[in-house]
Amino acid sequence: MRELKETLRQAVKDLFNIDIEPELTRPEEQFGDYSTNVAMQLAAKLGKPPREIADALASKLQATEMVSKTEVADPGFINFFLSDRVLLDNMKRQPAKTYEGQTVVVEYSDPNPFKVLHVGHLYTSVVGDAIANLFEAGDAKVARVNFGGDVGLHVAKTMWAVLNELDYFSQNEPKKDIETIPEDQRNTWLSERYVEGAKAYEENPEVKQMIIELNHRIYDLFPKDSDKDPEFGHIYWTTRAWSYDYFNQFYSQIGTKFDKYYPESETIELGLKTVRENIGKVFEESNGAIVFKGEVHNMHTRVFINNQGLPTYEAKDVGLILKKWGDYHFDKSIVITGNDIYEYMQVVLKAIEQIAPELAQKTTHVTHGMVKVAGGVKISSRLGNIIRAEDVLAAANDANKQANQRENFDVALGAVKYAFLKNRIGADFIFDPAESVKLEGNSGPYLQYAYVRARSILQKSSNKGQLLDENLQADERSLVRKIGEFTEVVEQATAELLPSHICTYLYELAQNFNRFYEKNRILGDEKEALRLKLADAYAKTLKNGLQLLNIPVPEKM
RNA sequence: GCCCCCGUAGCUCAGCGGAUAGAGCAUCUGUCUUCGGAACAGAGGGUCGGCGGUUCGAAUCCGUCCGGGGGUACCA
């Protein structure tokens, strides 16, 4: 409420000749629509009791068009009650265009080709989508990007097992053709190879050596040229394509769409070049490797180029940040990852800060916790004791089907997404697929259903509703007040990078409406016109909010 | 050892400097032949991990201790 803040600032200036930035908060409903603590802040400065200051300010602010009532409460809160007119107008507000003209790059999900998508990928995809959407709501130009390791030791491990499976290490001729793997099994088959390769790498020194050599051979395929190492190249490029197909298919299933994939292979050249150019300035040689000494910055040392001359993840990340900059010239770059790589990223960003300070300064690293699945989802030991992303969705879908004797993937997906999003980003949390689809209480389906109900009422009437009657009764007023908070919540969620605020708000909003709806008629009531308008504003807000979270909004369930 | 994150009701989590600490689930009690009840109303249940400090005011900020998780040179 910019206007109210201005009025307040002016009043403080007039009365006490002090310039302050007054704080306006949303108090509990009983206390009013907005509240300020300026009197407490000024008390020490003025040497007066806060209550006295509050009284003076309140009487000065008594009668304005916006505010119908001002109250002072102990120890010195000033509470403002908005007029019904203003409250009704607030329902029409749009989120502030805080990021107009800005470009925001959001990187998330980041699965590695040749490996399986697990719950963690599902989680960061959901959270990343929501954060990206929030910035779009603030009018930013948003690029959703995805970084993944198509080169590196994990790929070499997979390729070893692939070659082994295709008889490349035996005397048998001819070798098996990669294309003979049935299409619907390809991705699982490939993920199993990774687990196999990783195991062999640990257990068999001979294999370990082969894998290390394969790693070089993979790097040597780049830059891409179909004539390089043709037989091996064919297998690599074919299986790599399988992985990206699988990713795209999965993302489309959950309604995610990336603007750009950054395979690690595309960041190597720039990463290596940048690190090498800065040896002696930022990086130094140590035991044959190129490292960044973090200790002077109260961090730890990390290797950027290993003693075989290959880039580690660190050098690739340097390349990635520079690539992103070249592609987007972003105002803000957000990278969402698990909190296990917090310290790692601190070091990388510190290194980049020495090379391109403005890029480090524009980058925000959001770290999230681990999703611990409570039960009801199978754990795949063949794929390395992980919970696959697709199994989580399947479990939610089954639970929903059982509870409702009917399949509706939108509901299952909404349940999972909401269960993920309602938690504050940061700490580990437990996800219970059965609980999330229960459709009661604070859940995605509750909100979807709330929307469906409201739409159903609206569709029964040809009356579009009107705001003729501006005398709101208590529960009408409460609903209007809540709807009007939406844009503020969106702005806060964006600024704090916390979509969970939207979840909390939407649930409170739906409860508010359900309470109203329980006690009052809409259709056929003498206040039908007003109430239809409220129901319409409510439904639209609910839909906007769910769409911001990228949760499906079905019209019927 | 050093660094980072987490510890709020039986369980899962909100709240992150303000007014009696909130919700969902679970337990118990009501409403109820619905504008779609996947709802609504109510009850019980809390040393906000412990101890200090800062502040008019601390679950929230700082210090310290305890408990859990993660990171700490050629993995990502």
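Keep in mind that the numbers below use all heavy atoms, side chains included, and drop hydrogens, waters and symmetry copies. Since we're looking at a predicted model, the values are computed, not measured. A, B, ... follow the sequence lines: proteins, then strands. Residue 1 opens every chain.
The nearest whole Å value for the distance from the CD atom in A/Glu508 to the P atom in B/rG22 is 12 Å. A straight line from CE of A/Met299 to P of B/rC3 spans 13 Å, rounded to a whole angstrom. Rounded to whole Å, the distance from CZ on A/Arg26 to P on B/rC16 is 15 Å. Atom CG of A/Asn512 is separated from atom P of B/rC40 by 11 Å (rounded to the nearest Å). Taking atom CG of residue A/Leu421 and atom P of nucleotide B/rU12, one finds them 20 Å apart after rounding to whole Å. The distance between atom OH of A/Tyr342 and atom P of B/rC3, rounded to the nearest whole Å, is 13 Å. Computed from coordinates, the A/Tyr538 OH to B/rA39 C1' distance equals 11 Å when rounded to whole Å. Regarding A/Ile53, its CD1 atom lies at a distance of 11 Å from the C1' atom of B/rC56, rounded to whole Å.
Side-chain atoms of A/Asn408 and A/Asn404 form no donor-acceptor pair, as typed in the model, at a separation below 3.5 Å. Judged by distance alone, the side chains of A/His300 and A/Glu343 never bring a donor and an acceptor atom under 3.5 Å apart. If you check the side chains of A/Gln402 and A/Asn400, you find no donor sitting under 3.5 Å from an acceptor.
A sub-4.0 Å separation between OP1 or OP2 of B/rA41 and a side-chain N or O of A/Arg515 is present. Dashed line: the shortest gap from a side-chain N or O of A/Arg521 to OP1 or OP2 of B/rC35 is under 4.0 Å. Side-chain nitrogen and oxygen atoms of A/His501 include at least one within less than 4.0 Å of the OP1 or OP2 phosphate oxygen of B/rG15. Contact check, A/Lys422 against B/rA23: no side-chain N or O comes under 4.0 Å of OP1 or OP2. The phosphate of B/rG17 (OP1 or OP2) has no side-chain N or O of A/Gln41 nearer than 4.0 angstrom. In terms of phosphate contacts, A/Arg453 brings no side-chain nitrogen or oxygen within less than 4.0 Å of OP1 or OP2 of B/rC35.
Applying the 3.5 Å distance criterion, the base of B/rG69 shares no donor-acceptor pair with the side chain of A/Asp428. Contact of A/Gln30 with B/rU20 (side chain to base): a donor-acceptor pair of N or O atoms is detected under 3.5 Å. Evaluation of atom-type donor-acceptor distances gives a pair under 3.5 Å for the side chain of A/Ser35 against the base of B/rA19.
Comparing the P positions of B/rG17 and B/rU60 gives a spacing of 11 Å, expressed to the nearest Å. Spacing of C1' atoms, B/rG69 relative to B/rA26, comes out at 28 Å, to the nearest Å. Across the C1' atoms, B/rG46 and B/rA59 are found 11 Å apart, a figure rounded to whole Å. Between B/rA58 and B/rG70, the distance separating the two P atoms is 35 Å to the nearest Å. B/rC61 and B/rC48 have their P atoms separated by 16 Å, with the value rounded to a whole Å. Nucleotides B/rG50 and B/rC66, compared at atom C1', are 7 Å apart to the nearest Å. B/rU8 and B/rC16 have their C1' atoms separated by 12 Å, with the value rounded to a whole Å. Nucleotides B/rA14 and B/rA21, compared at atom C1', are 11 Å apart to the nearest Å.
Across all strands, A/Leu523 comes closer than 4.0 Å to base atoms (heavy-atom distances). If you check every strand for non-hydrogen atoms under 4.0 Å, A/Ala427 touches sugar and phosphate atoms only. Contact annotation for A/Thr504: backbone-only contact, meaning every heavy-atom pair under 4.0 Å involves sugar-phosphate atoms and none involves a base. Contact annotation for A/Asn404: base contact, defined as any heavy-atom pair under 4.0 Å involving a base atom. Within 4.0 Å of A/Asn79, counting heavy atoms only, lies at least one base atom of the nucleic acid. Using a 4.0 Å heavy-atom distance criterion, A/Asn37 is classed as a base contact. A/Pro27 comes within 4.0 angstrom of a base, heavy atoms only. Residue contacts for A/Phe31: at a heavy-atom cut-off of 4.0 Å it reaches a base atom on one of the strands shown.
When each of B/rA19, B/rG24, B/rC16 is scored by its nearest atom to the side-chain atoms of A/Phe77, the top-ranked nucleotide is B/rA19. Of all nucleotides listed (B/rA39, B/rG37, B/rA19), B/rG37 comes nearest to the side chain of A/Tyr517. For A/Asn514, counting side-chain heavy atoms from C-beta on, the closest listed nucleotide (B/rG18, B/rA39, B/rG24) is B/rA39. Proximity note for A/Tyr507 (side chain, C-beta onward) versus B/rA23, B/rC16, B/rC3: the nearest is B/rA23. Side chain of A/Lys460, nearest nucleotide from B/rG36, B/rC13, B/rG18: B/rG36.
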Identify the pairs formed between an N or O of the protein and an N or O of nucleotides 70-76 of chain B at a distance under 3.5 Å, and give each distance.
{"residue": "B/rG70", "atom": "N2", "partner": "A/Glu343", "partner atom": "OE2", "Å": "2.2"}
{"residue": "B/rA73", "atom": "N1", "partner": "A/Ser286", "partner atom": "OG", "Å": "2.8"}
{"residue": "B/rC74", "atom": "O2'", "partner": "A/Asn306", "partner atom": "ND2", "Å": "3.3"}
{"residue": "B/rC74", "atom": "O2", "partner": "A/Asn307", "partner atom": "N", "Å": "2.8"}
{"residue": "B/rC74", "atom": "N4", "partner": "A/Asn287", "partner atom": "O", "Å": "3.3"}
{"residue": "B/rA76", "atom": "OP2", "partner": "A/Tyr313", "partner atom": "N", "Å": "3.1"}
{"residue": "B/rA76", "atom": "O3'", "partner": "A/Glu264", "partner atom": "OE2", "Å": "3.4"}
{"residue": "B/rA76", "atom": "N6", "partner": "A/Arg302", "partner atom": "NH2", "Å": "2.5"}

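Summary of the strand contacts: A/Pro445 and A/Phe429 both lie near RNA chain B, and taking for each the nucleotide with the nearest heavy atom, the more 5' one is attributed to A/Phe429. Along RNA chain B, the nucleotide closest to A/Glu23 and the one closest to A/Tyr446 are compared, and the more 5′ of them pairs with A/Glu23.
A salt bridge links A/Lys527 with A/Glu476: at least one charged nitrogen is closer than 4.0 Å to a carboxylate oxygen. A salt bridge does not link A/Lys316 to A/Glu314: none of the charged nitrogens lies less than 4.0 Å from a carboxylate oxygen. Residues A/Glu526 and A/Arg531 are not paired through a salt bridge, judged by the lack of any N-O separation under 4.0 Å between the basic side chain and the carboxylate. Comment: A/Glu196 does not engage A/Lys199 in a salt bridge, judged by the lack of any side-chain N to carboxylate O separation of less than 4.0 angstrom. With respect to A/Glu107 and A/Lys324, a salt bridge is recorded, a charged nitrogen being found less than 4.0 Å from a carboxylate O. Contact check on A/Glu485 versus A/Arg481 returns a salt bridge, with a Lys/Arg side-chain nitrogen under 4.0 Å from an Asp/Glu carboxylate oxygen.
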Note, RNA chain B 5' to 3' with Watson-Crick or G-U pairs under 3.5 Å encoded as ( ), [ ], | and . gives (((((((..((((....[...)))).(((((.......))))).....(((((..]....))))))))))))....
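A side chain to side chain contact (heavy atoms under 4.5 Å, CB included) with A/Ile218 holds for exactly one of A/Glu213, A/Met159, A/Arg240; it is A/Met159.
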Could you check A/Phe147 against A/Tyr108 for ring pair (Phe, Tyr, Trp, His ring centres under 6.0 Å), going step by step and ending with a plain yes or no? CA-CA 8 Å; A/Phe147 182 47; A/Tyr108 56 100; over 10 Å; no
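Not less than 6.0 angstrom separates the ring centroid of A/Phe77 from the ring centroid of A/Phe31.
You'll find the side chain of A/Leu383 stays beyond 4.5 Å of the side chain of A/Tyr194, heavy atoms only.
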